[in-house]
Engineer: 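What follows is a structure written as structure tokens; I'll ask about it next.
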There are 2 protein chains.
Amino acid sequence: MPEKLTEQDRRLLDALQENCRLSNQELAERAGMSTSACWRRVRALEEAGLVRRYSALLDIEKSGLGFQAIVHVTLTRHDHRHVDTFIAEIRRRSEVLDCYSTTGEADYHLRVVCRDLAAYNRFLEDFLFRLPGIANVRTNLVLKDIKQHSAVPVQTGPG
Amino acid sequence: MPEKLTEQDRRLLDALQENCRLSNQELAERAGMSTSACWRRVRALEEAGLVRRYSALLDIEKSGLGFQAIVHVTLTRHDHRHVDTFIAEIRRRSEVLDCYSTTGEADYHLRVVCRDLAAYNRFLEDFLFRLPGIANVRTNLVLKDIKQHSAVPVQTGPG
DNA sequence: CAAGAATCGGTAAATTCTACCATATTGAAG
DNA sequence: CTTCAATATGGTAGAATTTACCGATTCTTG
């Protein structure tokens, strides 16, 4: 369990975020450490939960998902039962890639992908609109992915 | 270059999204194919650009980023020069993890992570507010990550 | 300084990757 | 239907990698 992340940790995490299928040898080389130390360190970072998982990031359009939207959802003021079912149902639906609870006008920001507009319409009518306690839904179509980095700028200082 | 994705492709991509460090053997087993065929297929999916990259997904808080916000940005109507610099600068800044151009009230939806509120304030004052052509910026603090799946529900049908 | 704990780099066995093979399957043309 | 070419298939062996363990070194702590 790394209390503080070292500069080497940061380099390891940067490299693994860029390409997590690097061999341990190449990883060690980039981070400037021996293969043994590198292997141990990576394990420690995994077990500390710093690395949530290793994932293949797909091209969303080539995967057959032509439709993408940012959806702002507001719930009726705030019955806990409704909040819990909302969260549980959102987590269950594979079309919802991300969901954040936020301050501001909307309670939740979702990112939803579907095959096409028709599929999104079904998502709304058959699923989202039918959840209990939904007060307002506002859809913003995604015109273009400007940036999808998903690589976190790891902080190394007093952590 | 897969014209249509097969059911096996879909299973491969699902498995790789869940854990891209599975051994080729285990991958082949899950997708119900021989190791040779599996290895070739994965290569093909990579070369077709369906797999953008393999990445370690980090725990954002454990990485030292305690502050997260969804930021809505509107540009003054729409000078192309301003749009281009805006996009280029946004791509340069590591605090901006995602950025989508959207329909609706705001032109762009950003997700920004920083060490703390002070760092975010610097991001705004020293960077975002100084970009040319910014008409409006609205910040929504992220209270809680409800879901960060980042695994795309791959479509296998007529693609 | 001395004792204990933690970390280091190196090593070897087990596993895995990767390129190649001969065979089987597919698709088109005669 | 048959033939031929093109493609896909499963198996295999050498190369590379992973992974657990070793003694040696460094770092704490009293």
Side-chain angles (χ1 to χ4, degrees), chain A residues 1-59 62-64 151-152 154-159, chain B residues 1-59 62-64 151-152 154-159:
Chain A
M1 313 112 183
E3 288 295 324
K4 286 183 178 179
L5 295 176
T6 68
E7 178 59 23
Q8 284 186 331
D9 288 328
R10 203 190 52 74
R11 263 181 285 176
L12 284 178
L13 291 172
D14 279 354
L16 286 173
Q17 286 191 100
E18 192 204 313
N19 179 10
C20 68
R21 300 195 58 168
L22 289 174
S23 74
N24 187 55
Q25 293 185 354
E26 185 145 352
L27 206 55
E29 206 168 312
R30 291 198 191 184
M33 53 208 302
S34 74
T35 58
S36 304
C38 177
W39 193 81
R40 270 191 301 260
R41 208 82 198 98
V42 171
R43 263 292 159 84
L45 292 169
E46 291 171 359
E47 282 167 13
L50 228 138
V51 175
R52 285 194 301 131
R53 74 175 202 274
Y54 298 101
S55 177
L57 303 185
L58 305 190
D59 185 303
K62 290 179 181 168
S63 303
V152 166
V154 178
Q155 303 293 314
T156 160
Chain B
M1 315 110 184
E3 288 295 324
K4 284 183 181 178
L5 296 176
T6 67
E7 179 60 23
Q8 284 186 331
D9 289 327
R10 202 189 53 74
R11 262 180 285 175
L12 284 178
L13 291 172
D14 279 353
L16 287 174
Q17 285 191 102
E18 191 205 314
N19 179 9
C20 69
R21 300 194 59 167
L22 288 175
S23 73
N24 187 54
Q25 292 184 355
E26 185 146 353
L27 204 56
E29 205 168 312
R30 292 199 191 184
M33 52 207 303
S34 74
T35 57
S36 304
C38 178
W39 192 80
R40 270 189 301 258
R41 208 80 200 100
V42 171
R43 264 290 160 83
L45 292 169
E46 291 171 0
E47 281 166 14
L50 228 138
V51 175
R52 287 195 299 130
R53 75 174 203 274
Y54 297 101
S55 178
L57 303 186
L58 306 190
D59 184 302
K62 290 179 180 168
S63 303
V152 166
V154 178
Q155 303 292 314
T156 161

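Residue numbers begin at 1 in each chain, while the letters A, B, ... track the order of the sequences. The analysis underlying the following values was restricted to heavy atoms, covering all of them including side chains, and did not include hydrogens, waters or symmetry mates.
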Engineer: Rounded to the nearest 0.5 Å, what separates atom CD in A:E7 from atom CG in A:L12?
Structural biologist: 10.5 Å
Engineer: List the steps and the verdict of side chain to side chain contact (heavy atoms under 4.5 Å, CB included) for A:R41 and A:M33.
Structural biologist: CA-CA 10 Å; A:R41 208 82 198 98; A:M33 53 208 302; 4.2 Å; yes
Engineer: Provide the closest heavy-atom pair for A:D59 versus B:G49 in the form atom of the first, atom of the second, distance.
Structural biologist: CB-O, 3.4 Å
Engineer: Would you mind reading off the distance between B:R40 atom CZ and D:dG11 atom P, rounded to a whole angstrom?
Structural biologist: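 So the CZ-P distance, B:R40 to D:dG11, works out to 11 Å.
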Engineer: Between C:dT18 atom C1' and B:L27 atom CG, what is the distance in whole Å?
Structural biologist: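 Atom-to-atom, B:L27 to C:dT18, this comes out as 15 Å.
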Engineer: Got a second to check how far B:R11's CZ is from B:L13's CG, nearest 0.5 Å?
Structural biologist: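 Nearest 0.5 Å value for the CZ-CG distance: 12.0 Å.
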Engineer: Below 3.5 Å is the cut-off: list the nitrogen or oxygen pairs between protein and nucleotides 13-17 of chain C, distance only.
Structural biologist:
unit_1, atom_1, unit_2, atom_2, d
C:dT16, OP2, B:Q25, OE1, 3.1
C:dC17, OP1, B:N24, N, 3.1
C:dC17, OP2, B:N24, N, 2.9

Engineer: How many angstroms lie between OG in B:S34 and CZ in B:R40, if you round to the nearest 0.5 Å?
Structural biologist: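 It comes to 6.5 Å.
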Engineer: Taking DNA chain D as the partner, which of residues 28-36 of chain B come within under 4.0 angstrom of it by heavy atom?
Structural biologist: B:S34, B:S36
Engineer: Quick one: closest heavy-atom pair of A:V42 and A:Y54, and the distance?
Structural biologist: CG1-OH, 3.8 Å
Engineer: Which whole-number value in Å describes the distance from A:R43 CZ to C:dT7 P?
Structural biologist: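 Taking CZ of A:R43 and P of C:dT7, I get 16 Å after rounding.
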Engineer: Could you please spell out the steps behind the side chain to side chain contact (heavy atoms under 4.5 Å, CB included) verdict for A:L58 and B:V51?
Structural biologist: CA-CA 4 Å; A:L58 305 190; B:V51 175; 3.9 Å; yes
Engineer: Could you walk me through whether B:N19 and A:R53 satisfy the side chain to side chain contact (heavy atoms under 4.5 Å, CB included) test, starting with their C-alpha distance in whole Å, then the side-chain angles of each, then the deciding distance to 0.1 Å, before giving a yes or no?
Structural biologist: CA-CA 7 Å; B:N19 179 9; A:R53 74 175 202 274; over 6 Å; no
